[in-house]
Amino acid sequence: MNFSQLHFASAVASLGSFTAAASACAVTQPTLSNGIAQLEEELGQRLFVRTTRKVILTAFGKSIIPDIDRILNAQRALIQNSQALLKPNKQVIRIGISPLLDGQLLKVLIEPFHRRMPHVELILREMNMADLDKMMDEGELDFVFGVEEIHKESRRHTLLYREQLLYLPRSRQDDNLSKEDEISFSEIADETFVMVPDACGLTRTIRSLFRAHRRVLNEYPGEAMSYQVLEQWSALGIGAAMLPLSKLSSKGRLALQIRDKAGDIVMIGFEAVWDRDSMKIEHLAKFAEYLRDVVPAMTDGFAENINNQNRS
C-alpha cells in the first residue's frame with residue numbers, strides 16, 4: 001500500500017469515474033486501475049463496482065474511503081506543518097474540523113477568504129473533537145470548526161450554520177411512515193438509539209436533546225463506527241438513529257424531521273471557536289472577523305438550500 005494508491009481511490013470516489021480520476025492524478029488509466037486493484041487486493045475487498053455507465057462504491061468502499069481521506073489529510077498536514085517550520089514568516093491558519101461538518105458547505109465558507117487573502121495558507125485537519133480541543137489548548141490549532149457547545153472563558157466563537165437533525169426509524173417501524181412525514185420528539189423518546197462514539201459531537205448533541213426534554217436516552221449497548229453504519233443498523237432493525245441531513249448517504253432511506261416540545265424543527269448547529277489571545281496576530285484576527293461578519297450572510301439561505309437539495 002502506498003500514498004499513490006490511496007490518492008487514486010480517493011479521486012475515483014470523489015469523481016465517480018476512472019477516466020476523470022486518472023486525468024486528475026496525471027496518470028494513465030491503466031496505471032490508476034492497476035494501483036486500485038493492488039490496493040483492493042491488500043485490503044481484501046473491492047472498493048468499487050464498475051458498470052457500463054458509472055462507477056459506484058461498494059458497501060466496503062463506503063466504510064473505507066473516509067479512512068483513506070483522513071490518511072491523505074494527515075499526509076498533507078504533515079507536509080504543510082513542516083513547511084511552516086521551515087518558513088516561519090509564512091502566514092498560516094491551522095483549522096481543526098469535526099468529521100460531522102458538511103464538506104460541501106465548508107468549501108463554500110473558506111473559498112472567499114482564499115480570494116481575499118491568497119498569501120495566507122489554510123491548513124485543515126479533520127479529527128475527533130477531544131483531540132481538536134487538546135490541540136487548541138496546546139497551541140497546535142488556531143481555530144476549531146465543530147458542533148455548538150459550552151466553552152471556556154478564554155475562547156471566542158461564532159455560528160457557522162445549522163442544519164436539520166433527522167430521525168432514522170428502525171426498519172420494522174417505517175411501514176406506516178412516508179417521506180413527507182415529520183415526527184414529534186415525544187413519539188421517539190422511548191426508542192433505543194444506535195450511537196457513534198462521543199467523538200465528532202453527534203452523540204453529545206443527541207444526549208443534550210434528551211436532557212432538554214427531561215427524558216432518558218436509551219442507547220444500544222454496541223457502537224457504530226461510522227455514519228453509514230448508523231444507517232445500515234437502523235435499516236436492519238437494530239435500533240433507531242439520528243443524523244444531520246448532509247451525512248445521509250442514501251437519499252432513498254426514510255429520514256424524518258423532528259419537532260421538539262416547542263413545535264420547532266430540531267437542528268444541529270456548527271460553530272467556529274478560537275482563543276482570545278490569538279487575536280493579537282493580525283491574519284488570525286482578520287480570519288475571525290471574516291467568520292463573524294461575512295460567513296453568517298453566506299450561510300443564511302445556503303444551508304437551507306443544501307437541506308432542500310439533500311431531501312429531494
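With Lys247 contributing its side chain and Leu101 its backbone, the two residues share a donor-acceptor pair below 3.5 Å. With hydrogens and angles disregarded, no donor-acceptor distance shorter than 3.5 Å links the side chain of Asp264 to the backbone of Asp260. For the pair Gln5 (side chain) and Asn2 (backbone), a donor-acceptor distance under 3.5 Å is present. Checking side-chain atoms of Glu42 against main-chain N and O of Met1 turns up a donor-acceptor pair under 3.5 Å. A donor-acceptor contact shorter than 3.5 Å is absent between the side chain of Glu191 and the backbone of Ile188. In this structure, the side chain of Thr58 engages the main chain of Arg46 through a donor-acceptor pair within 3.5 Å. Checked by atom type and distance alone, the side chain of Glu163 pairs as donor or acceptor with a backbone atom of Leu245 at under 3.5 Å. Remark: the backbone N or O of Gly237 is paired with a side-chain donor or acceptor of Arg170 at under 3.5 angstrom. Using modelled atom types, one side-chain atom of Tyr161 and one backbone atom of Asp102 make a donor-acceptor pair closer than 3.5 Å. The closest donor-acceptor contact from the side chain of Ser98 to the backbone of Cys200 lies under 3.5 Å.
Under the 4.5 Å side-chain heavy-atom criterion for ILVMFWY residues, a single connected hydrophobic cluster contains both Ile71 and Phe48. In the hydrophobic cluster analysis, where Ile, Leu, Val, Met, Phe, Trp and Tyr join through side-chain heavy atoms closer than 4.5 angstrom, Leu72 is grouped apart from Met127. Residues Phe60 and Phe8 share a single hydrophobic cluster, defined by chaining ILVMFWY side chains whose heavy atoms lie under 4.5 Å apart.
In this pair, Phe113 and Phe287 present their aromatic rings perpendicular. The plane angle is above 60°, beyond the 30 to 60° band.
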**Prompt:** Checking side chain to side chain contact (heavy atoms under 4.5 Å, CB included) for the pair His213/Leu209: CA distance, chi angles, key distance, verdict?
**Reply:** CA-CA 7 Å; His213 286 79; Leu209 177 64; 3.6 Å; yes
**Message:** Before you tell me yes or no, could you show the steps for Asp69 and Ser10 under side chain to side chain donor-acceptor pair (under 3.5 Å), namely the whole-Å CA-CA distance, both residues' side-chain angles and the distance that decides it to 0.1 Å?
**Reply:** CA-CA 7 Å; Asp69 287 339; Ser10 179; 2.7 Å; yes
**Request:** Would you check, one step at a time, whether the test side chain to side chain contact (heavy atoms under 4.5 Å, CB included) holds for Thr205 with Glu148?
**Result:** CA-CA 8 Å; Thr205 298; Glu148 286 183 297; over 6 Å; no
**Message:** side chain to side chain contact (heavy atoms under 4.5 Å, CB included) for Glu149 and Asp133? Distances and angles first, verdict last.
**Reply:** CA-CA 12 Å; Glu149 58 183 5; Asp133 289 339; 4.0 Å; yes
**Request:** Apply side chain to side chain contact (heavy atoms under 4.5 Å, CB included) to the pair Ile93 and Glu121, showing each step before the final yes or no.
**Result:** CA-CA 6 Å; Ile93 301 177; Glu121 184 174 4; over 6 Å; no
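The environment of Met225 atom CE is sparse: at most 12 non-hydrogen atoms of other residues, nucleotides or ligands sit within 6.0 angstrom. Annotation for Glu138: atom CD counts as buried by contact number, over 12 foreign heavy atoms lying within 6.0 Å.
The ring of Phe185 has its center closer than 6.0 angstrom to the ring center of Phe210.
Side-chain contact between Pro99 and Tyr227: present, with at least one pair of heavy atoms (C-beta onward) separated by less than 4.5 Å.
Ionic pairing of Arg94 and Glu140 is not present here: no N-O contact between side-chain nitrogen and carboxylate oxygen is shorter than 4.0 angstrom. Between Asp137 and Lys134, none of the side-chain N atoms (NZ, or NE/NH1/NH2) sits under 4.0 Å from a carboxylate O, so this pair counts as no salt bridge.
Here the rule is side-chain contact (heavy atoms from CB on, under 4.5 Å) with Met242, and of Thr203, Val194, Ile258 only Ile258 fits it. The side-chain contact (heavy atoms from CB on, under 4.5 Å) test with Ile97 singles out one residue from Leu106, Leu132, Val144, Leu141, and that residue is Leu106. Ile64 pairs with exactly one of Leu39, Leu57, Leu43 by the side-chain contact (heavy atoms from CB on, under 4.5 Å) rule, that one being Leu43.
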